[in-house]
Amino acid sequence: MTGHDQRMEEMTLRSAAFRDHALMPSEYSHDSGDLSPPLEWSPAPEEVVELALACEDPDAPAGTFAHWLLAGIDPATTGLDAGERPAEAAAGRNDYGTEGYGGPKPPPGDGPHRYFFRLYGLSEPSGLRDGFTAEDLRDAIDEKIVASGTLVGTFAR
């Protein structure tokens with residue numbers, strides 16, 4: 001999911017639970033109940049009217065697997081506690097078929113999978129409602145991304 005705006009600003013995205021490109025604790029896995037990790041980020045640039053968040057695993061055997069999709073996050077928000085879903089946010093349908101966060105569950109014996117948490121600052125509202133898909137998110141934010149940040153966690157079973 002990328003925008004085509006040449007004024008793209010970088011937002012810092014981090015977690016108190018794991019460092020960038022480091023192992024995610026098992027408490028945030030699918031087998032442990034799908035608790036989303038805490039996230040925090042730098043304030044959104046002034047032109048951002050909405051934030052959207054995606055967590056995807058590009059290493060899944062059948063292709064990129066969507067684990068978490070949120071849209072409609074207030075641009076004044078600078079983080080989420082573990083398990084938090086902002087009241088105003090729309091929750092997308094992950095590839096487990098449920099709305100909200102679905103934690104890592106790579107096949108046993110696979111090497112570590114990478115989980116890309118991507119935060120998007122949008123210049124226009126996405127218009128997304130609960131139940132949207134990763135493809136819906138890509139279509140809705142294309143050409144609207146003016147800022148973004150990425151955090152990568154890894155996980156293996």
Looking only at heavy atoms, which two atoms of L137 and L53 are closest? And how far apart? CD2-O, 4.4 Å
CZ (F116) and NE2 (H21) are apart, to the nearest 0.5 Å, by 5.5 Å
Measuring from atom CG of D139 to atom OG1 of T133, what distance do you get when rounded to the nearest 0.5 angstrom? 7.5 Å
Measure the spacing between NZ of K105 and NE2 of H67 and express it to the nearest 0.5 Å. 11.0 Å
What is the ring orientation for F65 with Y96, classed by angle as parallel under 30°, tilted 30 to 60°, or perpendicular over 60°? perpendicular
Classify the side-chain pair T64/E56 by whether it contains a donor and acceptor separated by less than 3.5 Å. no
Value rounded to 0.5 Å, distance of CZ in F155 from CG in D31: 7.0 Å
Give a yes or no on whether the backbone of V146 and the side-chain of S123 come within a donor-acceptor separation of less than 3.5 Å. no
L69 CG to R138 CZ distance, which is reported to the nearest 0.5 Å: 8.5 Å
Is it the case that the side chain of N94 and the backbone of A66 share a donor-acceptor pair, with hydrogens and angles ignored and the cut-off at 3.5 Å? no
Would you confirm whether D20, through its side chain, and L151, through its main-chain N or O, come within 3.5 Å as a donor-acceptor pair? no
E10 atom CD: more than 12 heavy-atom contacts under 6.0 Å: no
Okay, side chain of T77, backbone of D74: is any donor-acceptor separation there less than 3.5 Å? yes
When you compare the side chain of P104 with that of H113, does any pair of heavy atoms fall below 4.5 Å? no
Indicate the atoms forming the closest heavy-atom contact of Y115 with P106, along with that distance. OH-CD, 3.4 Å
Can you find a pair of side-chain heavy atoms, one from L39 and one from S15, that are under 4.5 Å apart? yes
Are L80 and V152 linked, directly or through intermediate hydrophobic residues, by side-chain heavy-atom contacts shorter than 4.5 Å (ILVMFWY only)? no
For A89 against L70, the heavy-atom pair lying closest together: CB-CD2, 4.3 Å
Determine whether a donor-acceptor pair (N or O, by modelled atom type, separation under 3.5 Å) exists between the side chain of R118 and the backbone of A54. no
Between Y101 (side chain) and Y28 (backbone), is there a donor-acceptor pair under 3.5 Å? yes
Test item: S42 side-chain N/O and T12 main-chain N/O as donor-acceptor pair under 3.5 Å: yes
I'd like to check M24 versus S29 (side-chain heavy atoms, cut-off strictly below 4.5 Å). Are they in contact? no
Residue pairs passing the ring pair (Phe, Tyr, Trp, His ring centres under 6.0 Å) test where at least one lies in residues 32-64, sequence neighbours excluded: none
Where at least one partner belongs to residues 86-104, residue pairs that pass salt bridge (Lys or Arg N to Asp or Glu O under 4.0 Å), sequence neighbours excluded: none
Nearest heavy-atom approach of D130 to A91 is OD1-N, 2.8 Å
Within the distance-only criterion (no hydrogens, no angle test), does the side chain of E50 pair as donor or acceptor with the backbone N or O of S126 below 3.5 angstrom? yes
Closest contact, heavy atoms only, L51 versus G121: CD2-CA, 3.8 Å
From T150 OG1 over to M11 CE, what is the distance, rounded to the nearest 0.5 angstrom? 11.0 Å
Compare every heavy atom of F18 with every heavy atom of P37, then report the nearest pair and how far apart it is. CB-CE2, 4.0 Å
